[in-house]
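The structure appears below as structure tokens.
For the single chain, residues carry numbers from 1 onward in sequence order. These numbers come from a predicted model, not from an experiment. Note that ligands are numbered from 1 as they come in the structure, with each ligand's atoms numbered from 1 the same way.
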Amino acid sequence: MQPVESSACQRAPIGLLAELTHRCPLQCPYCSNPLALEGAGGELTTAEWQDVLRQAARLGVLQLHLSGGEPTVRRDLEEIVATAAEAGLYTNLITAGVLLTRARLEALAASGLDHVQLSIQDVEPANADRIAHYEGGHAKKRQLAHWVSEVGLPLTINAPVHRQNLDRLAEIIAFAVDVGAGRVEVAHIQYYGWALANRAALMPTREQVKRSAEIVEAARERLKGILVIDFVVPDYYATWPKPCMGGWGRGIVNVTPSGKVLPCHAAETIPGLVFDNVRDRPLAEIWLHGQAFEKFRGTDWMMEPCRSCDRREIDWGGCRCQAFAVAGDARAADPACVKSPRHAEMVALATREAAKPAPPFVYRRPRKPASPATAEST
Ligand code: SF4
Ligand code: FES
């Protein structure tokens with residue numbers, strides 16, 4: 001396969017996050033999808049996704065993350081996986097797991113699927129199903145996890161953690177071992193979109209966060225060679241921010257169900273950005289020259305304290321979406337950073353919210369409820 005242009009390949013993203021659909025049977029209150037979910041009618045067709053994947057491979061992308069919503073609601077998932085495999089992409093299916101049958105999993109593996117990432121809400125079934133707003137979901141996930149191992153695919157358990165499940169972190173890690181996962185991602189919630197709307201219901205106490213770090217540390221030691229544990233620390237109690245997305249326009253490109261190309265899944269929360277669509281412009285051109293990508297790529301856009309900071313090429317100023325959400329300016333230092341003038345305010349806010357009783361969840365829902373006919377079929 002010929003590269004698009006060598007300079008494009010040198011600057012290529014390593015990963016493509018393909019949001020195949022925003023449809024999902026679950027309603028997690030921390031969903032990373034936007035508040036304004038895209039409907040089934042505007043989704044890219046099979047041929048359009050196949051073209052995007054071939055373009056991505058030519059650009060130099062190595063890993064394809066098939067995401068949603070719930071990607072398995074697309075009946076053409078096997079065709080999409082097969083095209084990705086032919087193009088040489090490593091394919092990771094990010095799934096909530098409640099719709100997959102064993103036969104379909106086998107079909108996906110036969111089409112070239114490389115890896116499954118299964119999200120769980122808790123290990124206590126009633127609480128897991130309450131968080132997902134889907135009865136019987138946890139039992140199906142446990143079943144799927146065993147099938148993944150039996151089919152011979154590597155499995156990662158993705159466990160978003162927050163004040164309403166964090167006290168069972170040791171059991172969550174034990175679950176991952178029990179179902180044969182090689183990796184677990186213990187991910188403190190990042191507050192954008194739905195999670196921001198549910199921040200008070202999700203925010204852990206500092207004590208819970210400290211304890212979670214200790215549990216992870218001890219488990220890493222105990223489970224060496226058995227389970228890899230990734231740990232996403234919570235921004236609101238951090239000292240330094242994370243290099244969100246590996247740096248804006250550096251590591252990851254995100255394509256929405258309708259073909260909009262975003263530097264990160266929450267980029268649409270930032271006003272003033274222009275998002276090109278793969279229906280109108282080649283992916284490589286968007287990645288290299290799109291307004292939204294150029295806006296915060298590198299360090300030229302930075303203001304103080306980032307501009308003169310010696311960590312500016314380590315964390316790239318942290319998260320643009322969080323800077324906008326908390327500081328009201330996407331060019332500001334991420335308030336997770338101790339050097340940000342908004343840092344103390346952010347910590348105080350987290351402490352205050354975590355101390356109060358958790359309010360009810362605002363569940364993820366499309367603006368207009370999908371009819372049963374469109375909810376589970378493409
Ligand atoms: Fe990162 Fe900016 Fe904070 Fe420096 S001042 S550590 S570049 S967010
Ligand atoms: Fe958008 Fe961090 S989520 S830059």
Side-chain angles (χ1 to χ4, degrees), residues 13-17 19 22 28 30-36 65 67 94 158 160 162 185 187-199 202 230 232-256 260-276 286-287 290-347 364:
I14 190 167
L16 167 65
L17 183 66
E19 291 177 2
H22 280 166
C28 303
Y30 44 73
C31 179
S32 64
N33 289 159
L35 295 175
H65 304 283
S67 171
I94 301 176
N158 173 242
H162 46 84
E185 283 183 11
H188 277 278
I189 301 291
Q190 311 290 296
Y191 295 102
Y192 331 107
W194 292 94
L196 188 60
N198 282 291
R199 189 174 60 194
L202 298 165
D230 294 329
V232 178
V233 297
D235 284 334
Y236 279 57
Y237 297 114
T239 304
W240 302 112
K242 289 187 278 296
C244 197
M245 309 306 287
W248 186 273
R250 289 180 62 81
I252 303 282
V253 61
N254 187 79
V255 180
T256 76
K260 277 183 278 180
V261 185
L262 314 180
C264 84
H265 55 272
E268 289 175 284
T269 59
I270 300 175
L273 295 181
V274 179
F275 303 108
D276 295 291
I286 299 172
W287 169 259
Q291 185 263 9
F293 285 86
E294 295 282 41
K295 185 86 178 170
F296 300 117
R297 185 180 264 139
T299 55
D300 287 351
W301 55 273
M302 287 179 173
M303 309 191 296
E304 292 297 345
C306 296
R307 181 175 279 277
S308 59
C309 177
D310 58 8
R311 290 177 58 90
R312 67 185 179 280
E313 293 195 4
I314 296 173
D315 62 36
W316 306 97
C319 175
R320 297 308 87 228
C321 302
Q322 186 149 268
F324 179 75
V326 179
D329 186 345
R331 294 168 308 153
D334 185 337
C337 175
V338 71
K339 291 187 181 182
S340 160
R342 310 296 292 264
H343 183 71
E345 186 189 318
M346 185 161 160
V347 177
R364 170 209 201 268

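- With ligand atoms numbered from 1 in the order given, ligand 2 contributes 2 (Fe), 3 (S), 4 (S) to contacts under 4.0 Å with heavy atoms of Cys319.
- At least one heavy atom of Arg320 sits closer than 4.0 Å to an atom of ligand 2.
- Short contacts between ligand 1 and Cys337, defined as distances under 4.0 Å to a heavy atom of the residue, involve ligand atoms 3 (Fe), 5 (S), 6 (S), 8 (S).
- Atom numbering of ligand 1 starts at 1 in the shown order; those under 4.0 Å from a heavy atom of Pro241 are 8 (S).
- Counting the atoms of ligand 1 from 1 in the order shown, those under 4.0 Å from a heavy atom of Asp315 are 1 (Fe), 6 (S), 7 (S), 8 (S).
- Residue Cys309: no N/O/S atom is found under 2.8 Å from atom 3 (Fe) of ligand 1.
- Few gaps surround CD1 on Ile314; more than 12 heavy atoms of other groups in view lie less than 6.0 Å from it.
- Using the six-membered ring where Trp is involved, Tyr30 and His162 have ring planes that are tilted, between 30° and 60° apart.
- The proximity of Trp240 to ligand 1, defined as any non-hydrogen pair under 4.0 Å, is limited to the side chain.
- The nearest pair of heavy atoms linking Val232 to Gln190 is CG1-NE2, 3.4 Å.
- Looking only at side-chain heavy atoms (C-beta outward), Glu268 and Tyr192 stay at 4.5 Å or farther from each other.
- Taking the ring axis of Trp301 as reference, the NZ or CZ atom of Arg312 does not stay both within 45° of it and closer than 6.0 Å to the ring centre.
- The Arg312 neighbourhood of ligand 1 comprises atoms 7 (S), with distances under 4.0 Å to a heavy atom of that residue.
- Residues Pro13 and Phe293 are not in side-chain contact: their nearest non-hydrogen atoms beyond the backbone lie 4.5 Å or more apart.
- Less than 4.0 angstrom separates some heavy atom of Cys244 from each of these atoms of ligand 2: 2 (Fe), 3 (S), 4 (S).
- Both the backbone and the side chain of Cys306 come within 4.0 Å of ligand 1, counting heavy atoms alone.
- Looking at Phe296 and Leu273, their side chains come closer than 4.5 Å, going by heavy atoms from C-beta outward.
- Contacts between Cys264 and ligand 2 below 4.0 angstrom, taking non-hydrogen atoms only, involve the side chain exclusively.
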